[in-house]
Amino acid sequence: MTLVNFNNRTRNTAPYFNNVFESLFSDAVSKNKMVDKSPNVNIYENDAAYVIELAAPGLKKEDFQINLKKDTLSVWAEVKKDETQVAKDFTRKEFDYSSFARSFNLPDTADGDNITAEYKDGILSINISKKDTAKLQHREIVVS
């Protein structure tokens with residue numbers, strides 16, 4: 001028995017059946033890039049707070065919703081665009097919806113009553129203050 005490599009990805013020949021469906025599905029998915037993509041996140045801690053940064057360019061601060069329920073911080077955004085093109089004999093109307101949702105479990109040392117958010121240059125920054133008992137205390141210990 002001889003094994004033969006089958007390359008179904010060649011573009012120089014007539015498209016195979018699978019290539020037709022592959023291009024249809026990949027075009028549909030790539031047209032709306034936010035369908036299955038959640039924004040990248042940076043999470044870090046400083047002396048006074050925990051900071052969550054979400055990269056979400058192209059949105060407005062009105063598009064975001066932030067909710068705290070118990071110890072879970074949820075962030076989501078939804079953008080609806082309606083594009084209409086009118087020509088001589090036809091009208092084309094396209095809807096574009098993009099959304100994402102992310103949730104974060106806050107540590108016990110986070111102060112849920114003191115959370116602020118700012119959207120600037122495509123980055124949503126959420127500052128979660130620490131409880132007074134959790135703030136880093138720096139002191140030098142003498143070795144005897």
Side-chain angles (χ1 to χ4, degrees), residues 5-144:
N5 287 335
F6 178 71
N7 187 0
N8 194 15
R9 303 224 185 259
T10 58
R11 301 290 181 199
N12 297 338
T13 61
Y16 288 94
F17 187 72
N18 289 339
N19 285 347
V20 173
F21 284 106
E22 178 184 322
S23 67
L24 286 174
F25 290 127
S26 64
D27 290 345
V29 171
S30 65
K31 183 169 176 75
N32 190 355
K33 293 177 178 47
M34 293 290 284
V35 167
D36 61 347
K37 185 175 181 182
S38 57
N40 293 332
V41 176
N42 292 333
I43 301 174
Y44 61 90
E45 173 183 4
N46 58 31
D47 292 340
Y50 301 101
V51 180
I52 300 172
E53 295 176 337
L54 283 94
L59 300 177
K60 297 179 279 192
K61 65 180 181 178
E62 296 84 21
D63 296 333
F64 293 101
Q65 294 182 356
I66 302 172
N67 187 1
L68 178 67
K69 185 175 183 180
K70 293 187 181 182
D71 63 343
T72 303
L73 182 73
S74 300
V75 180
W76 65 92
E78 182 177 44
V79 180
K80 298 177 185 178
K81 297 177 185 173
D82 188 4
E83 180 182 318
T84 304
Q85 178 182 1
V86 179
K88 183 178 177 183
D89 295 332
F90 69 92
T91 301
R92 184 182 81 190
K93 192 169 189 174
E94 292 186 10
F95 299 103
D96 185 19
Y97 297 95
S98 58
S99 64
F100 70 85
R102 294 287 304 256
S103 294
F104 306 95
N105 290 328
L106 300 182
D108 295 335
T109 56
D111 184 7
D113 295 330
N114 196 2
I115 298 175
T116 59
E118 178 186 23
Y119 183 67
K120 183 177 179 184
D121 297 332
I123 297 181
L124 176 66
S125 296
I126 303 170
N127 294 314
I128 305 153
S129 294
K130 293 181 181 179
K131 295 179 181 175
D132 290 334
T133 58
K135 292 185 180 173
L136 297 176
Q137 297 177 1
H138 181 73
R139 65 182 186 134
E140 188 171 332
I141 300 172
V142 178
V143 179
S144 57

| message | Please determine whether side-chain contact (heavy atoms from CB on, under 4.5 Å) holds for the pair Asn42 and Ile123, giving the CA-CA distance in whole Å, both sets of side-chain angles, and the decisive distance to 0.1 Å. | response | CA-CA 10 Å; Asn42 292 333; Ile123 297 181; over 6 Å; no
| message | Does Thr109 form a side-chain contact (heavy atoms from CB on, under 4.5 Å) with Lys131? I'd like the steps, not just the answer. | response | CA-CA 6 Å; Thr109 56; Lys131 295 179 181 175; 5.5 Å; no
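Here the straight-line distance linking atom CZ of Arg102 with atom CD1 of Ile126 works out to 10.5 Å at 0.5 Å rounding. To the nearest 0.5 Å, atom CG of residue Leu73 and atom CD1 of residue Ile128 are 5.0 Å apart.
Within the structure, the side chain to side chain donor-acceptor pair (under 3.5 Å) test picks out the following pairs touching residues 112-128 (sequence neighbours left out): Asn114-Ser129.
Of all the heavy atoms in Lys130 and Asn46, the pair that sits closest is NZ-O, 3.0 Å. Here the closest heavy-atom approach between residue Leu124 and residue Ala117 is recorded as CD1-CB, 4.4 Å.
Counted within 6.0 Å of CG on Asn67, heavy atoms from surrounding residues, nucleotides or ligands total more than 12; the atom is thus considered enclosed.
Counting heavy atoms from C-beta outward, Ile52 and Val75 have side chains that stay 4.5 Å or more apart.
Contacts of Thr72 classified as side chain to side chain donor-acceptor pair (under 3.5 Å), with partners at least two apart in sequence or in another chain: Asn105.
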Using residues 59-66 as the side-chain source, report each donor-acceptor pair under 3.5 Å to any protein atom, sequence neighbours left out, with the distance given to one decimal.
residue: Asp63; atom: OD2; partner: Lys60; partner atom: N; Å: 2.9
residue: Gln65; atom: OE1; partner: Trp76; partner atom: NE1; Å: 2.5

